[in-house]
Visitor: 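Mind looking over this structure? Questions follow.
Keep in mind that the numbers below use all heavy atoms, side chains included, and drop hydrogens, waters and symmetry copies. Just so it is clear, the model here is predicted, and its values are computed rather than measured. Lettering of chains follows the sequences in order, A, B, ..., and the numbering in each one begins at 1.
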Number of protein chains: 2
Amino acid sequence: MISFDNFKAEGRSPVYLQIISFVKRGVAAGSIVDGDELPSRRMLSALLGINPNTVQKAFAQLEREGLIWSGTGAKSYMTISPKRLELLREELLRDDVMLLISSLKQSGISREEALELISSNWDREEEEDPEGEEL
Amino acid sequence: MISFDNFKAEGRSPVYLQIISFVKRGVAAGSIVDGDELPSRRMLSALLGINPNTVQKAFAQLEREGLIWSGTGAKSYMTISPKRLELLREELLRDDVMLLISSLKQSGISREEALELISSNWDREEEEDPEGEEL
DNA sequence: TCAACTGTATTATTGCACTAATACGCTTTT
DNA sequence: AAAAGCGTATTAGTGCAATAATACAGTTGA
């Protein structure tokens, strides 16, 4: 059974997209594998404190993308081919990296400065300050 | 006069937040300096193809944060103290880097792999595929 | 069998980002 | 002074994310 214990909705992105992203990252990281059973829509919505329809929206899209198998009345399972896994990894990493590079470039720093920033901040603890930008 | 030629709204973030971010990044990068004149709400909205109220919402928040001076009937100008500039730089860079690190860690890759990814993708050209994740 | 679950579907409502159309009063320019 | 441009404010409407309350049909386990 796939665990959503580490899932925490945050940021401005719609929750259903965050669920999709959480599952995909789990797949890419190997913590979610082919054949894994998913929690039911109702169970997960209760666990996350959100509406069942929001979970359904996420799962439905994952099913449309071929990562989930669902049937009326039956439990849902992950269906991940090796090729699909490889593509997923590439997509996620590429998106992350390009997003950062785009931001850093806009801030006018060099590649070397960027590398130093990543390296020195890697083991930094997560802090609060969820929104920020005031004053 | 501050140029918004390189501004392009994209992603799921509200447009007014993207405008705020664009201005702040310009300040951090040095392309926007203290005393610079801002385009009028109407001009900019026409240029960006968005509603004047959306620009106003962005400028109003920047004024609340003390980065912009506005007066009824008058043009608007940037007001950036050296200290404010320094704080802004730190904030933006920190946010960018922590965002990426959080994502990459979730994808289960190491610090060394992360550094290699940044380095090898730095000079990569921006591509299309704005949404993605299909199939 | 039958109760308890499952996925799926429908309709209504709320909140927010954004658009749209004005209006008012001030500043600047001629 | 007068026109043009400015910041500011108000009101209304749209689209989407999310909530809420059901309902129905299929699967599963006691």
Visitor: Counting only non-hydrogen atoms, which of residues 43-59 of chain B are less than 4.0 Å from DNA chain D?
Guide: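 B:Met43, B:Asn53, B:Gln56, in order of number.
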Visitor: Identify the 5'-most and 3'-most nucleotides of DNA chain D with at least one atom closer than 4.0 Å to a non-hydrogen atom of chain B.
Guide: D:dG5 to D:dT10
Visitor: If the plane angle is over 60° it's perpendicular, under 30° parallel, otherwise tilted; pick one for A:Phe7 and A:Phe22.
Guide: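 The arrangement is perpendicular - the two ring planes meet at more than 60°.
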Visitor: According to a 4.5 Å side-chain heavy-atom criterion applied to Ile, Leu, Val, Met, Phe, Trp and Tyr, with indirect links allowed, do A:Ile50 and A:Leu38 form part of one hydrophobic cluster?
Guide: yes
Visitor: Say whether, by atom type as modelled, one donor and one acceptor occur between the side chain of B:Ser45 and the main chain of B:Asn53 under 3.5 angstrom.
Guide: no
Visitor: Heavy-atom nearest nucleotide on DNA chain D for A:Ser13 versus B:Arg41: which residue maps closer to 5'?
Guide: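 Between the two, 5'-proximity favours B:Arg41.
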Visitor: Using the rule side-chain contact (heavy atoms from CB on, under 4.5 Å), only one of B:Ile68, B:Leu85, B:Leu88, B:Val33 pairs with B:Ile80; which is it?
Guide: B:Leu85
Visitor: Could you tell me the separation between the CD atom of A:Glu37 and the P atom of C:dC5, rounded to a whole number of Å?
Guide: 15 Å
Visitor: Do A:Arg41 side-chain atoms and A:Gln56 backbone N/O form a donor-acceptor pair below 3.5 Å?
Guide: no
Visitor: Quick check: does any side chain N or O of A:Asp36 sit under 3.5 Å from a backbone N or O of A:Ile32, one acting as donor and the other as acceptor?
Guide: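 Such a contact is absent between A:Asp36 side chain and A:Ile32 backbone.
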Visitor: Between B:Glu113 and B:Ser110, do the side chains contain an N or O donor and an N or O acceptor separated by less than 3.5 Å?
Guide: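 There is such a pair between these side chains.
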Visitor: I'd like a table of atom pairs between the protein and nucleotides 24-30 of chain C - only N or O on both sides, under 3.5 Å - with the distance next to each one.
Guide:
from	atom 1	to	atom 2	distance (Å)
C:dT27	O4'	B:Gly73	O	3.4

Visitor: Would you say that B:Glu86 contacts B:Glu90 through its side chain, given a criterion of any heavy-atom pair below 4.5 Å between the two side chains?
Guide: yes
Visitor: Whole angstroms only, please: what is the CD1-P distance between A:Ile68 and C:dG7?
Guide: 10 Å
Visitor: Pick base, sugar-phosphate or nothing for B:Glu63, based on heavy-atom distances below 4.0 Å to the nucleic acid.
Guide: sugar-phosphate
Visitor: Taking A:Ser13's backbone N and O only, do any of them form a donor-acceptor pair with A:Gln18's side chain (distance below 3.5 Å, no angle check)?
Guide: yes
Visitor: Where do A:Ser76 and A:Ser70 come nearest, in terms of heavy atoms and distance?
Guide: OG-OG, 3.2 Å
Visitor: Is there a side-chain polar atom (N or O) of A:Ser70 under 4.0 Å from OP1 or OP2 of C:dT6?
Guide: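 For C:dT6, neither OP1 nor OP2 has a side-chain N or O of A:Ser70 closer than 4.0 Å.
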Visitor: For B:Glu65, is there an ion pair with B:Lys24 - N to carboxylate O distance below 4.0 angstrom?
Guide: yes
